[in-house]
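First comes the structure, then the notes that go with it.
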There are 2 protein chains.
Amino acid sequence: MSGFDPHAFRTIAAECPGFQARATARAITRYHNACFRPLGLTAEQFSLMVGIGATEGATLVELALSAGVDTTTLSRNIQNLEKRGWVCADGGRGRAGKRLSLTVLGRNLLADAIPVWRQAQAELARRLGDGDLQWARRALSALAIAAEPSSPGVLEDAE
Amino acid sequence: MSGFDPHAFRTIAAECPGFQARATARAITRYHNACFRPLGLTAEQFSLMVGIGATEGATLVELALSAGVDTTTLSRNIQNLEKRGWVCADGGRGRAGKRLSLTVLGRNLLADAIPVWRQAQAELARRLGDGDLQWARRALSALAIAAEPSSPGVLEDAE
DNA sequence: CGCCATATAGTGTATATGCATTATTAAAGG
DNA sequence: CCTTTAATAATGCATATACACTATATGGCG
């Protein structure tokens, strides 16, 4: 019969990294969406295009694995990017899979978007402190791996 | 004309807390969704119901503010919970706003769900280390505030 | 050559998310 | 009492997310 009072619930809310992770992702995404809006680009679309640029020629499955997203989600998100002409997905289908790459239009858009991202990043680092940003990224990465040990490093810097 | 090579893109991907925050939120959400599936509950629904229990009698706007979610999103998510009979939203409309509360059915469901959450939490802490979990939560909170300085502490433990 | 096992892409459905906008309602002022 | 004003809830639209399932194509094997 549920012996939970408001304080018990508050404790759970405060202790759950899932609450925090979703709330933080929402906040940062709203922040970046506002930055990219003038370019007609969402934060996730920017992420995806950078991911494609980083692994030029990768298949959908490979990109999904490195980005930590389901292949069916990625399939639809890629379709959105293709419709806009920013991304090209072709090459042999089947075992080999489609090869993803940025179009010239896509690269041009990113050439505009990346300075915007740099400024947003600098502002974030200013508010948070440069060290704390590094710190936060490491904590996020550790959390993701703890939640899904099977997942790879989620686009870790390889060097 | 876009002098960006794969390595430049990888650097951006590795430096962007937005990428990481979304990927981490997805991973934790998948993890919790799997835990709650036998109960017919999603991770976000659990979060929401705990949030309602923590601020019993709050209005939609107040809950949206404390959870760091848009009121229109919350409106629809609450409707889902109402349809299932887990949450009740009534009381004077207008300036005062509807008052949100858990139904008996909702409290009973949470009585089943909270032990599941505790176990998931313990497993996460085991994989990550107890100190690192605290650390990660603090980093997430700091990031959310940096991204949206106007937002309150996002369901901080008040004491 | 044709069948089968496997991997890959895509659909159906449901939830989650937020901006722009509309509907509703309570309070304030004359 | 009526009108204006402001707050609140909800809707339209588009994107994002993932599980269950389907479609398709590839490569191996008899």
So, OP1 or OP2 of [N]: does either fall under 4.0 Å of a side-chain N or O from [X]?
{"X": "T42(A)", "N": "dA16(D)", "value": "yes"}
{"X": "Q79(B)", "N": "dT11(D)", "value": "yes"}
{"X": "S75(B)", "N": "dA10(D)", "value": "yes"}
{"X": "N77(B)", "N": "dT17(C)", "value": "yes"}
{"X": "N80(B)", "N": "dA16(C)", "value": "yes"}

Checklist entry - Would you say M49(B) and L81(B) make side-chain contact, with heavy atoms under 4.5 Å? => result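 Result yes, sub-4.5 Å side-chain heavy-atom pair found.
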
Checklist entry - Within a strict 4.5 Å, meaning less than it, do heavy atoms of the F9(A) and E56(B) side chains meet? => result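 Side-chain contact under 4.5 Å: no.
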
Checklist outcome for this item: Testing dG10(C), dA18(D), dT8(D) for proximity to the side chain of V69(A), the answer is dA18(D)

Next on the checklist: As a test of reading the structure: which of dA10(D), dT17(C), dA9(C) is closest to the side chain of L60(B), going by heavy atoms?
Outcome noted: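 The listed nucleotide nearest to L60(B)'s side chain is dA10(D).
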
Could you go over nucleotides 19-22 of chain D and give all protein N or O partners under 3.5 Å, atom names and distances?
unit_1  : atom_1 : unit_2 : atom_2 : d
dC19(D) : OP2    : D70(A) : OD1    : 3.3
dC19(D) : N4     : T72(A) : OG1    : 2.9

Next on the checklist: Applying the side chain to side chain donor-acceptor pair (under 3.5 Å) criterion to E123(B), which one of R127(B), Q121(B), Q119(B) satisfies it?
Outcome noted: R127(B)

[N] [atom2] sits how many Å from [X] [atom1], rounded?
{"X": "K98(B)", "N": "dT24(C)", "atom1": "NZ", "atom2": "C1'", "value": "11 Å"}
{"X": "R22(A)", "N": "dT15(C)", "atom1": "CZ", "atom2": "C1'", "value": "12 Å"}
{"X": "L41(A)", "N": "dA14(D)", "atom1": "CG", "atom2": "P", "value": "18 Å"}
{"X": "L65(A)", "N": "dA18(D)", "atom1": "CG", "atom2": "C1'", "value": "15 Å"}
{"X": "L81(B)", "N": "dA14(C)", "atom1": "CG", "atom2": "C1'", "value": "14 Å"}
{"X": "L74(B)", "N": "dG18(C)", "atom1": "CG", "atom2": "C1'", "value": "12 Å"}
{"X": "D90(B)", "N": "dA9(D)", "atom1": "CG", "atom2": "P", "value": "12 Å"}
{"X": "Q45(B)", "N": "dT17(C)", "atom1": "CD", "atom2": "P", "value": "10 Å"}

Checklist entry - Is there a chain of hydrophobic side chains (I, L, V, M, F, W, Y, each step under 4.5 Å between heavy atoms) that links I52(B) to W117(B)? => result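 Same cluster.
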
Next on the checklist: So does Q20(B) get a backbone contact from the side chain of T24(B), meaning a donor-acceptor N/O pair under 3.5 Å?
Outcome noted: yes

Checklist entry - Counting only N and O atoms by type, is there a donor-acceptor contact under 3.5 Å from the side chain of T55(A) to the main-chain atoms of A58(A)? => result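 No: the side chain of T55(A) does not pair with the backbone of A58(A).
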
Checklist entry - Is it true that the side chains of R22(B) and T29(A) contain a donor and an acceptor less than 3.5 Å apart? => result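 A donor-acceptor contact under 3.5 Å links the two side chains.
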
Checklist entry - Hey, which of these two, A27(A) or R84(B), hits DNA chain C nearer its 5' end, going by closest nucleotide? => result R84(B)

